[in-house]
> 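Sharing a structure with you now.
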Amino acid sequence: MPHKILVIDDDPYIVKYLVDILSDNGYATCSASDGAEGLELLKKEKPDLVTLDLEMPNEWGPRFYRKMTKEPEFKEMPVIVISGLSGIHLAIRNAVASLKKPFDPNQLLEIIRETLNSKDSTGKVPLKDD
């Protein structure tokens, strides 16, 4: 069964781009346009990893992350921040990676592969070094 990745971004073009890249590389995907919808999907779909935009209407990325990590089931969920904001590496300190838009899709795929392979072998998600 393929790993499932939840894409959370308010830009439908970015969502389609990410979903296409991930699907073309064998991942199952689901997507949300803001943090509130993302929390619902997280509980319903139980993905293996989340890509998260920071600046979204209604509920922005850091608030989504705080709510997500309060749930014991999702406390160790790996998150990759993908945002156009500067200083994104500071927004969610436990993110496994932070990529600035526009990003290199090959770099994203490599980070996902490394994160999910490590999670599969150890049961824990490696956190990036700060």
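Numbering of residues begins at 1 and proceeds along the displayed sequence.
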> Does any part of the side chain of Val15, heavy atoms only, come nearer than 4.5 Å to the side chain of Ser33, both counted from C-beta?
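Heavy-atom side-chain distance check fails, nothing below 4.5 Å.
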> Give, for atom CG of Leu39 and atom CD of Glu71, the distance between the pair rounded to the nearest 0.5 Å.
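Going from the CG atom of Leu39 to the CD atom of Glu71 covers 7.5 Å.
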> Is there a side-chain contact between Val50 and Phe74 in this structure, where contact means two heavy atoms from C-beta onward sitting under 4.5 Å apart?
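Counting from C-beta outward, Val50 and Phe74 never come under 4.5 Å.
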> Which value, rounded to the nearest 0.5 Å, describes the distance between Leu6 atom CG and Leu41 atom CG?
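It is 6.0 Å, given to the nearest 0.5 Å.
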> Any side-chain heavy atom of Ile92 within less than 4.5 Å of one from Leu52?
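Yes - at least one pair of side-chain heavy atoms lies under 4.5 Å apart.
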> Going by heavy atoms in the side chains, are Ile82 and Val7 under 4.5 Å from each other?
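No, too far: nothing below the 4.5 Å cut-off.
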> Closest approach of Phe103 and Leu108, non-hydrogen atoms and distance?
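Residues Phe103 and Leu108, closest heavy atoms: CE1-CD2, 3.8 Å.
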> Side-chain contact, heavy-atom cut-off 4.5 Å: Gln107 with Leu99?
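Yes - at least one pair of side-chain heavy atoms lies under 4.5 Å apart.
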> First locate atom CD1 of Ile5, then atom CG of Leu18, and finally report the distance between them rounded to the nearest 0.5 Å.
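Interatomic distance, Ile5 CD1 to Leu18 CG, rounded to 0.5 Å: 9.5 Å.
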> Minimum heavy-atom separation for His3 and Asp48, please, with both atom names.
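Smallest heavy-atom distance, with atoms named: CA-OD2, 3.2 Å.
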> Taking C-beta and beyond as the side chain, do Pro62 and Leu54 meet within less than 4.5 Å on heavy atoms?
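SC-SC contact between Pro62 and Leu54 confirmed.
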> Measure the spacing between CD of Glu45 and OG of Ser31 and express it to the nearest 0.5 Å.
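Interatomic distance, Glu45 CD to Ser31 OG, rounded to 0.5 Å: 10.0 Å.
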> Measure from the side-chain N and O atoms of Glu110 to the backbone N and O of Asn106, and report whether any donor-acceptor pair falls under 3.5 Å.
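Flag not set: sc Glu110 to bb Asn106 has no pair under 3.5 Å.
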> Side chains of Leu116 and Leu49, heavy atoms from C-beta outward: is any pair under 4.5 Å?
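They are in contact (side-chain heavy atoms under 4.5 Å apart), so the answer is yes.
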> Looking at side-chain heavy atoms only, is the closest gap between Ile80 and Ile112 below 4.5 Å?
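They are in contact (side-chain heavy atoms under 4.5 Å apart), so the answer is yes.
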> side-chain contact (heavy atoms from CB on, under 4.5 Å), that's the test. Do Met68 and Val79 meet it? Break it down for me.
CA-CA 10 Å; Met68 179 186 88; Val79 173; 3.5 Å; yes
> Okay, side chain of Lys101, backbone of Ser83: is any donor-acceptor separation there less than 3.5 Å?
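The answer is no, because no donor-acceptor pair under 3.5 Å joins these two groups.
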> To the nearest 0.5 Å, how far apart are CG in Asp11 and CD in Glu55?
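Asp11 atom CG to Glu55 atom CD measures 12.0 Å (nearest 0.5 Å).
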> Drop me the distance from Arg113's CZ to Ser118's OG, to the nearest 0.5 angstrom.
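Reported value, rounded in 0.5 Å steps: 14.5 Å.
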> I'd like to know if the side chain of Thr115 reaches the main chain of Ile111, judged simply by a donor and an acceptor atom lying under 3.5 Å from each other, with no hydrogens or angles considered.
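A pair under 3.5 Å: yes.
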> List the steps, then state whether side-chain contact (heavy atoms from CB on, under 4.5 Å) holds for Arg63 with Trp60.
CA-CA 6 Å; Arg63 180 181 284 169; Trp60 73 308; 4.3 Å; yes
> Looking only at non-hydrogen atoms, find the nearest pair between Thr69 and Lys75 and report the distance.
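Taking every non-hydrogen atom into account, O-CG, 3.8 Å.
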> Identify the two heavy atoms, one from Pro105 and one from Ile21, that lie closest to each other, and give their separation to 0.1 Å.
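So the minimum-distance heavy-atom pair works out to CB-CD1, 3.5 Å.
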> Could you give me the CA-CA distance, side-chain angles and deciding distance for Lys46 and Glu73, then say whether salt bridge (charged side-chain N to carboxylate O under 4.0 Å, His left out) is met?
CA-CA 9 Å; Lys46 306 210 184 322; Glu73 182 178 7; 3.4 Å; yes
> Which atom names give the shortest non-hydrogen contact between Glu37 and Asp34, and what distance separates them?
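In this case the closest contact between Glu37 and Asp34 is N-OD1, 2.8 Å.
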> Work out which heavy atom in Asp9 is nearest to a heavy atom in Met56; give both atom names and the distance.
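So the minimum-distance heavy-atom pair works out to CA-SD, 4.0 Å.
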